[in-house]
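Contents: one structure, followed by commentary.
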Number of protein chains: 2
Amino acid sequence: MADTRDPQSGTRRQALLQAAADVFFEQGYVATSIDAIIERAGGSKRNIYSEFGSKQGLFAAIVRENSDSALSTLAADDVEGLDLAETLAAFGRHLLDVYMSPTVVGIYRIAVTEAHRFPELVKSFYEQGPGRTTSRLAEVLERAMQRGEIRNGDCERLADHFVGMIRDNLHLQVVLGLRPAPSQEEVCAAVGSAVEVFLEGVRAR
Amino acid sequence: MADTRDPQSGTRRQALLQAAADVFFEQGYVATSIDAIIERAGGSKRNIYSEFGSKQGLFAAIVRENSDSALSTLAADDVEGLDLAETLAAFGRHLLDVYMSPTVVGIYRIAVTEAHRFPELVKSFYEQGPGRTTSRLAEVLERAMQRGEIRNGDCERLADHFVGMIRDNLHLQVVLGLRPAPSQEEVCAAVGSAVEVFLEGVRAR
DNA sequence: TGTCAATGGTAACGCTCATTACCGGAGGCC
DNA sequence: GGCCTCCGGTAATGAGCGTTACCATTGACA
């Protein structure tokens with residue numbers, strides 16, 4: 001048992017959340033026991049129950065906190081001002097980095113299985129994450145369309161296509177634990193190729 | 001309890017597998033109890049233990065059988081002989097149908113969470129499913145490249161792009177239980193748009 | 001220093017579950 | 001018809017779980 005207790009209760013809460021996230025993301029919700037979390041964080045179960053009330057409360061806190069911090073960067077980046085190719089490439093690289101991060105892979109895994117146990121959590125995860133991302137990309141495409149850089153079409157759908165290309169088999173393999181997260185070079189290569197195909201595919205003719 | 005027992009032991013085995021798959025795919029591996037399966041299939045737990053040995057054995061049989069039957073159609077279709085656009089569209093529609101089917105959605109869900117509990121099963125699921133599919137598409141693209149219809153490039157990667165476009169946010173929403181499977185018209189529209197972008201994006205210049 | 005409140009550790013409770021021991025009855029064989 | 005074997009149902013077993021009751025210890029304050 002690695003005792004991570006700390007005098008400041010704020011960091012203590014963080015340590016509990018971190019330990020719990022590690023176990024939840026690796027084992028899944030049902031298979032995670034409070035004991036396993038305590039074994040990692042030190043202290044006793046009383047800590048968890050006084051801080052979070054229940055296993056569900058702890059889990060909800062984790063998803064809320066992690067999806068906030070990890071996904072908010074997706075909405076906050078201002079990659080525009082460059083030309084469309086550079087914008088898409090920067091967007092794609094950032095997207096892939098976030099999708100491949102252990103935290104988001106963990107949330108993704110658990111969202112998929114616990115969909116019907118925590119529908120509201122899953123809904124807010126999707127809306128804050130993939131949903132918002134796709135909408136923002138659709139706006140970028142909309143402006144490019146008005147500038148005449150790409151041909152007319154349904155920008156939401158085109159954004160879906162691009163995001164899908166970014167989140168392809170590579171992502172699936174990582175989520176399934178079949179391979180480690182890609183290196184920076186692999187990310188650049190994959191995104192570069194996707195941007196090339198996409199841009200050529202939607203260019204105004 | 002709906003008793004689905006049947007004199008022929010083959011169909012009895014099938015009924016058990018079907019009931020078990022229903023529960024496993026909805027609840028996940030850990031949260032599924034043998035009792036819940038029996039409640040659905042009728043009979044008693046002894047049946048399961050004499051036929052499959054253990055919960056793990058039952059689960060493995062389900063994944064093996066279902067991924068065989070559902071995914072084999074992906075390798076067996078002969079959509080070639082048409083022009084590339086039609087080939088891709090037919091391929092994409094079939095792919096999307098399979099990915100959206102309740103069985104494959106169920107397997108997908110459970111593969112994502114149980115990745116580290118059943119690594120070999122997940123590996124074989126990937127190889128038989130997305131892996132083999134992508135390879136087959138890559139071969140199609142390779143031949144098109146040799147015919148000069150598409151520009152030079154890494155066909156495996158291009159196939160990844162196409163498969164990713166097909167398996168986009170729509171698929172994610174279905175997997176997360178946020179919306180029902182798409183209608184035939186929606187499938188056609190999504191695939192049509194993806195084929196258009198992809199084909200234009202890889203066309204020889 | 002003595003009292004009080006709160007924090008946190010331990011152990012217990014009630015429940016669920018996978019697995020198995022046990023038993024009754026059905027059907028084949030003499 | 002009588003015996004025996006096997007199949008399937010029931011109930012028990014033992015472990016693990018979330019949650020909580022209870023108790024010790026500690027630190028503050030008078």
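Every heavy atom of this structure was used, including side-chain atoms; hydrogens, water molecules and symmetry mates were not.
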**Prompt:** For Arg64(B), which residues count as a salt bridge (Lys or Arg N to Asp or Glu O under 4.0 Å) partner, sequence neighbours excluded?
**Reply:** none
Return the value, rounded to whole Å, for the distance between atom [atom1] of [X] and atom [atom2] of [N].
| X | N | atom1 | atom2 | answer |
| --- | --- | --- | --- | --- |
| Asn47(B) | dT19(C) | CG | P | 15 Å |
| Lys45(B) | dA12(D) | NZ | P | 12 Å |
| Arg117(A) | dG18(D) | CZ | C1' | 14 Å |
| Ile37(A) | dT19(D) | CD1 | P | 11 Å |
| Ile48(B) | dC7(D) | CD1 | P | 17 Å |
| Arg12(A) | dA6(C) | CZ | P | 20 Å |
| Glu51(A) | dT7(C) | CD | C1' | 13 Å |
| Gln27(B) | dC17(C) | CD | P | 10 Å |

Distance (rounded to the nearest 0.5 Å) between [X] [atom1] and [Y] [atom2]:
| X | Y | atom1 | atom2 | answer |
| --- | --- | --- | --- | --- |
| Glu65(A) | Thr103(A) | CD | OG1 | 11.5 Å |
| Thr113(A) | Arg109(A) | OG1 | CZ | 9.5 Å |
| Phe162(B) | Phe91(B) | CZ | CZ | 7.5 Å |
| Arg136(B) | Leu141(B) | CZ | CG | 12.0 Å |

Pull out every protein N or O sitting under 3.5 Å from an N or O of nucleotides 15-17 of chain D, one pair per line with the distance.
none

**Item:** Axis bend over the full length of the helix from dT1(C)-dA30(D) to dC30(C)-dG1(D), computed from five pairs that close each end, to 10 degrees
**Value:** 20°
**Tyr49(B) vs Arg46(B), nearer the 5' end of DNA chain C by closest nucleotide** = Tyr49(B)
**Message:** I need the full list of ring pair (Phe, Tyr, Trp, His ring centres under 6.0 Å) pairs touching residues 166-189 of chain A, with sequence neighbours left out, sorted by first then second residue.
**Reply:** Tyr99(A)-His171(A), Tyr108(A)-His171(A)
**Request:** Say whether Gln173(A) and Asn169(A), considering side chains only, have a donor N or O and an acceptor N or O under 3.5 Å apart.
**Result:** no
**Message:** What's Ser54(B) touching, base or sugar-phosphate or nothing? Going by heavy atoms closer than 4.0 Å.
**Reply:** sugar-phosphate
**Asked** Who pairs with Ser124(A) by side-chain contact (heavy atoms from CB on, under 4.5 Å), at least two apart in sequence or on another chain?
**Response** Gln128(A)
**Asked** Does Ala189(A) have any side-chain contact (heavy atoms from CB on, under 4.5 Å) partners at least two apart in sequence or in another chain, and if so, which?
**Response** Arg157(B)
**Asked** Does Ser44(A) make a side-chain N or O approach to OP1 or OP2 of dG9(C) shorter than 4.0 Å?
**Response** yes
